[in-house]
Amino acid sequence: MPEPQKIKIFDTTLRDGEQSPGASMNLTEKLEVAQALIDLGVDVIEAGFPIASPGDFDAVREIATTMKGATICGLARCNDKDIDRAWEALKHSEDPRIHVFLATSAIHREFKLQMTPEQIIHKAVEGVQRAVQYCDDVEFSPEDAARTEIDFLCEVVEKTIAAGATTVNIPDTVGYATPSHMASHIKALVDRVPNIDKAVISIHCHNDLGLAVANSLAAVQEGAGQIECTINGIGERAGNTALEEVVMAMKTRSDFFNYQTGIHTNRLVPTSRLVSTVTGIQVQRNKAIVGRNAFAHEAGIHQDGMLKEPSTYEIMRPEDVGFAKTDLVLGKHSGRAALADRAKQLGYRLTGEQLQDVFTAFKELADRKKEVYDGDISALIENKVYGEIEDVWSLVNFELLTQSGSMATIKLTLGKKGEEVSCELTDGDGPIDAAFLATEKLTGLSLVCKDFQVRSATIGRDAQGEVIVRVEHDGEEFKGRGVSTNTVEATITAVLNSVNRIEITKKLRSESRLQRKEFS
Ligand code: KIV
Ligand code: ZN
């Protein structure tokens, strides 16, 4: 077999991924994810859309200024203001890329842009030329390329490469393509665009028909040299190509796909966990590669085969994608070193201070619970390290009474700046409603519950319950997380965590340090 061809992995978790409903991340979370992407070995990080909001701008600038080891990219529409703003955010990067896009399909030309094909070409070329003045590395995307007439797409691609684009990205913006459709589009570009050898062809697929990974692989087989993807496949609507799936497909079927990537695949599960934690978007159990059940064998026949020879029912080794080999149990006699070692194996990078916090919480948990599993430790770390924000309100005490056939009664005491406030309510429509009502009453904030998820962090009746809530306040959504062996306490903690995020956002806004997104 000839030497495998290198395929670049362009990660857009922080841009397209962050655009998915409810996935917004704050600056600290974005920096954390960017560092994890570098550790994972991605080639390009699309860090955001700098013109979209001051928050996006700050994140791109901070990532561009501080992160090394990957190309840092910022998105811009084809206009001077967007491109100038993108460059302003990127200019301190060692390895910057400006990504400009303009829609090219007949539907977008007619209904969205009201522009003729000639006007589109003119604007696309102008945009690329402006970006090239700032930066050698310029990517151009004809948005909705998969639904663009192939003759016109070839013309746009040729002219933008001539204007200086070094990567031409072919987006299937609405997830409409099929593998053979995508393959024929890429083949046409390779065969018909005379200067195609001057640029890397990239592929960017959405997953509306569940075909994003298959379409990306089909594009690579016809000559695409870059795949755009996101961790856990998050992104607009049904999401984008899942990085972990497309990478593991190429690796596992290297007999068929003679390609290689720079991804350290044993970092896939920890990175997936991190993204799930900071976005609050849980990974479905049966998700390929990183789902909790991806390597679980339930049927007796399968278990028997696995014990005799794992390759009977496993095409990848769990440790190759970052699942820890053993679910080693820790207990109340385990020390800080054992916890630190376990946290490291699970893929978490903790500072000394964070380790101390997690260790204290671990000891408290180990007192209540005989066996502390990996899932418990992950839940504690995620709650302590990523869930914790400056507390305005804290839980002091609660008493809850629920009975079948009657309303829930709650007595709640919260703390704020050393003061305690309490209330008692008797009209909760169940414990969750009671927790929300009492929190609203004490904090004076109105909260609309948009999502409520509870899951067990591990197995057994004494497992910790992990609650994630998403609340709407004043037209904006905030997430909250709580973990406890008592699910009511986890619920109240999660609601309070979202309240604290609201309070902090208000505070930063009043200091003009944070603004709402202006662009959507
Ligand atoms: O889906 C899409 O078309 C995009 C472009 C901006 C590349 O995300
Ligand atoms: Zn997209």
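Since this is a predicted model, take the numbers as computed values, not measurements. In each ligand, atom 1 is the first atom listed, and ligand 1 is the first ligand listed.
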Within 45 degrees of the ring normal and closer than 6.0 Å to the centroid, is that where the cationic atom of R470 sits relative to F478? no
Any cation-pi pair here, R317 with F295, using under 6.0 Å and within 45°?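 Geometry flag: not set, cation outside 6.0 Å or 45°.
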Pair [X] + [Y], salt bridge at N-O below 4.0 Å:
X    : Y    : value
E88  : R61  : no
K450 : E477 : no
K30  : E62  : no

Can you name the atoms of ligand 1, numbered from 1 with element, that are less than 4.0 Å from a heavy atom of [X]?
X    : answer
S141 : 7 (C)
E143 : 3 (O)
D16  : 8 (O)
P171 : 2 (C), 3 (O)
H206 : 1 (O)

Quick one: side chain to side chain donor-acceptor pair (under 3.5 Å) partners of Q5, sequence neighbours excluded?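 With neighbours one apart ignored, the set is empty.
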N169 to ligand 1: N or O pair under 3.5 Å? no
Quick one, L274 with E32, criterion side-chain contact (heavy atoms from CB on, under 4.5 Å). Give me CA distance, side-chain angles, the key distance, then yes/no. CA-CA 8 Å; L274 172 67; E32 193 78 43; 3.8 Å; yes
Taking 2.8 Å as the limit, list every protein N, O or S atom around the Zn ion (ligand 2), by chain and residue number. D16 OD2, H204 NE2, H206 NE2
Atom OG1 of T173 and atom CD of E143: how far apart are they, to the nearest 0.5 Å?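 Between T173 OG1 and E143 CD, I get 4.5 Å after rounding to 0.5 Å.
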Might you work through the side-chain contact (heavy atoms from CB on, under 4.5 Å) test for H99 and F49, ending with a clear yes or no? CA-CA 9 Å; H99 177 188; F49 191 176; over 6 Å; no
among protein heavy atoms, the one nearest atom 4 (C) of ligand 1 is H204 NE2, 3.5 Å
Looking only at protein heavy atoms, which one is nearest to atom 3 (O) of ligand 1, and what is the separation? T173 OG1, 2.6 Å
In terms of its nearest heavy atom to atom 5 (C) of ligand 1, the top option of E139, R15, R237 is R15
Nearest non-hydrogen partners of I72 and A47, listed with the distance: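 Minimum heavy-atom separation between I72 and A47: CG2-CB, 4.1 Å.
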If you define the side chain from C-beta out and look only at heavy atoms, does anything of I98 sit under 4.5 Å from D137?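 Result no, sub-4.5 Å side-chain heavy-atom pair not found.
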Hey, is E236 one of the residues with a heavy atom under 4.0 angstrom from ligand 1?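 Contact check E236 vs ligand 1: negative.
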